[in-house]
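Only one structure is covered here, and it is reproduced in the block below.
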Amino acid sequence: MNKLIMGRYLPGDSLIYQLDPRGKFLLTFYFVGIVFFANNVASYVFLMAFVLFAVYLSKINFGFFIKGLRPIFWLILFTVLLQLFFTPSSHPIWHWGFLTLSKESMVIASYIFVRFVLIIFISTLLTLTTTPIEISDSIESILKPLKKVNFPVTQVALMLSIALRFVPLLVDETTKIMDAQRARGVDFGEGGLIKRIKSFVPILIPLFVSSFSIAYDLAIAMESRGYKDGEGRSKYRVLKWSKRDNVTVLVMLAVTIILLFIRSY
Amino acid sequence: MEITFEHVTHSYDANSPMANLGLDDVSLKINDKKFTAIVGQTGSGKSTLVRHINALLKPTAGKIIVGDRVITSETNNKNLKPLRKKVGMVFQFPESQLFEETVEKDIMFGPMNFGFSESEAKDAAHKMIELVGLNQDYLQKSPFDLSGGQMRRVAIAGVLASNPETIILDEPTAGLDPVGRHEIMDLFKSLQTKGKTIILITHNMDDVANYADEMAVMSQGKLVASGLPSDVFNSQKLLEDDLLTLPQSAQFAQSLAKKYFQFDKLPITIDELSAEIKQQVNGD
Ligand SMILES: Nc1ncnc2c1ncn2[C@@H]1O[C@H](COP(=O)(O)OP(=O)(O)OP(=O)(O)O)[C@@H](O)[C@H]1O
Ligand SMILES: [Mg+2]
């Protein structure tokens, strides 16, 4: 349960870990964008090679990336099958009723599949090597220009990091409460639907009560330590943009240019 | 019910790089109808240990024998109710389990889950609320309107109401006033004399000395000592390694021993201490 919600950060150390999270965050989105420019075998192979190289640089066991595919396995399968059998074609190899299978549809389906894999791998790479708090810091830093139009950037960032801090707290709290109710004879996940839903009441109520009291305590604790948002707050975790990050941006530009050359028009 | 731990190891997050040993090869026998205290520093594995007794946690290796049930890593989650009916557990922060509209309903929740009829459960609630030192008026209050100490008593009543054979108490008196603490501890002792097995986790060595028949000392997931409190508190090694502190009577005796007095074995309760002093003063 813990790992499911906690984000999937995996403590480690390698070049990818050391990159500035802002750069990683933006470049990941950028890469997801340019994946859609690929439109032939060469371009997909090229992007795949790039992603695998980045995975290699992270020094993270490849298994973790495969695991990243698992949650959306059915979505991938569904989309691929849809493309495979429902792409209209003038030269079907096989057809039955409204289902057709053609060479083009096979090609398109495999592109779609590779596209999924690329996007999942690159975003898994981001979440495995970047802590949630680093991501929230990056978002704050990226949104900073919006301060000019009175967008409450620091508040939003604070909300984000508190929310992130609450996730593990709530998970712990839920486990604790579930244990206590189990000890009083509740069987979670047994019996019919109604019974199952009912068995969650004894968790949800204490959970609500305690999350309010945690939130309340947190607010008081922050105030009593003099928290005040707005101008002039210095940062505990300072993000530092270094040469490595410049190089990464250049590499990404190069990838874009090469991609634009080898894709077909 | 006799409870036996045989080479029990428990690893939290066993399959992740962050695995940590909550219990490390613990073998321990907890005797039937005895009052056993478990002590040890924060994080030493006390709560982890007792959660195995009603199968809230399962061992990574080894087994636990509770009466006629055996719990191993393979034990499945079905059919644990009979075990959990026999082994009642008051958690470290029991107030976080309250959820019903009234105290009465909350106390009835456990018994009803374990197959008591509504009227039996109600009877139990009425009996237990008095037992934990609150009067009948509290039954119709909302559990959320109570003070922390009162919530704790209600939660304890909720566990006792199912009439378990073995009662596990994880720091049940934390946050209670001194008088309240004595009342609650006396209650547990009296339950023991009525034939229950009591397992108490505590940081209060005086409670151990005054109430427990047997004790176990945990450190870093390992069982480092077990036996009679009078023997365990006299173990020089445990004291030197800071794994244990002495009850007040024993500390007092230690100070006395610096001048005039001499103790072969440190007295651990006030009664023992005063008897010993009397004897030595009169004997001179
Ligand atoms: N849910 C959990 N996940 C991971 N590790 C845990 C979990 N619960 C406890 N631990 C670890 O197991 C060890 C033993 O914890 P445990 O709660 O049994 O200690 P304890 O002796 O009850 O301490 P305390 O006196 O503070 O209640 C600790 O090192 C703790 O960090
Ligand atoms: Mg504990």
Side-chain angles (χ1 to χ4, degrees), chain A residues 1-14 17 58-61 63-64 67 128-129 131 168-191 195-196 198-214 216-217, chain B residues 12-13 15-18 47-48 50-51 53-57 77-101 105-116 121 142-144 148 151 155 157-162 164 166-168 170:
Chain A
M1 180 117 112
N2 236 321
K3 268 156 276 151
L4 205 123
I5 321 175
M6 250 308 277
R8 285 165 305 172
Y9 178 73
L10 197 73
D13 190 26
S14 67
Y17 279 95
S58 74
K59 295 190 190 156
I60 292 174
N61 191 330
F64 284 99
K67 264 191 215 143
L128 285 177
T129 61
T131 57
L169 275 182
L170 288 184
V171 173
D172 279 358
E173 201 61 30
T174 313
T175 330
K176 235 193 269 168
I177 294 167
M178 281 176 80
D179 274 355
Q181 307 300 26
R182 274 199 193 108
R184 293 206 287 170
V186 181
D187 274 327
F188 296 108
E190 254 177 43
K195 203 174 158 206
R196 280 189 198 202
K198 265 196 178 156
S199 73
F200 277 91
V201 175
I203 306 178
L204 287 181
I205 293 177
L207 194 59
F208 264 115
V209 173
S210 68
S211 39
F212 276 109
S213 79
I214 296 173
Y216 199 68
D217 289 349
Chain B
Y12 282 104
D13 300 315
N15 302 317
S16 89
M18 288 162 272
S47 300
T48 309
V50 298
R51 279 191 170 125
I53 300 174
N54 61 357
L56 288 172
L57 290 177
N77 280 330
K78 297 243 152 67
N79 204 15
L80 289 173
K81 253 193 205 182
L83 173 68
R84 290 183 182 155
K85 181 178 178 323
K86 283 190 205 157
V87 182
M89 184 140 164
V90 177
F91 284 81
Q92 210 162 349
F93 302 99
E95 47 275 28
S96 67
Q97 70 188 42
L98 305 174
F99 73 98
E100 288 279 14
E101 298 145 59
K105 280 191 187 164
D106 213 286
I107 300 178
M108 287 164 65
F109 179 69
M112 301 277 279
N113 280 329
F114 291 125
F116 284 43
S142 156
F144 300 108
M151 282 188 188
V159 171
L160 298 184
S162 311
T166 298
I167 304 166
I168 301 173
D170 197 342

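A note on names: the letters A, B, ... follow the listed sequences, proteins ahead of strands, and every chain is numbered from 1. Quick caveat, the model's predicted, so the values are computed rather than measured.
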Quiz prompt | Test item: A:Glu173 side-chain N/O and A:Leu207 main-chain N/O as donor-acceptor pair under 3.5 Å | solution = no

Quiz item: Non-hydrogen atoms of chain A under 4.5 Å away: do they reach the side chain of B:Ser96, the backbone, both or neither?
Solution: both

Quiz item: Between A:Lys176 and A:Asp179, is a salt bridge (Lys or Arg N to Asp or Glu O under 4.0 Å) present by the stated rule, with each step listed?
Solution: CA-CA 5 Å; A:Lys176 235 193 269 168; A:Asp179 274 355; over 6 Å; no

Quiz item: Around B:Phe144, counting heavy atoms of other residues, nucleotides and ligands shown, do more than 12 lie under 6.0 Å from its CZ?
Solution: yes

Quiz prompt | Region of A:Val186 that comes under 4.5 Å of a non-hydrogen atom in chain B | solution = both

Quiz item: Considering all heavy atoms of both residues, which atom of A:Arg184 and which atom of B:Gln97 are nearest to each other, and what is their separation?
Solution: NH2-O, 3.2 Å

Exercise. Please name the pair of heavy atoms, one in A:Leu10 and one in A:Tyr17, separated by the smallest distance, quoted to 0.1 Å.
Key: O-OH, 2.5 Å

Practice problem: Sort out for me which residue in B:Thr166, B:Ile167, B:Ile168 forms a side-chain contact (heavy atoms from CB on, under 4.5 Å) with B:Pro164. | Solution: B:Ile167

Practice problem: Considering only heavy atoms, give the residues of residues 78-87 of chain B separated from chain A by less than 4.5 Å, sorted numerically, with 'none' for an empty result. | Solution: B:Lys78, B:Lys81, B:Arg84

Self-check item: Polar side-chain atom of B:Asp106 near backbone of B:Leu98 as donor-acceptor pair, under 3.5 Å
Solution: no

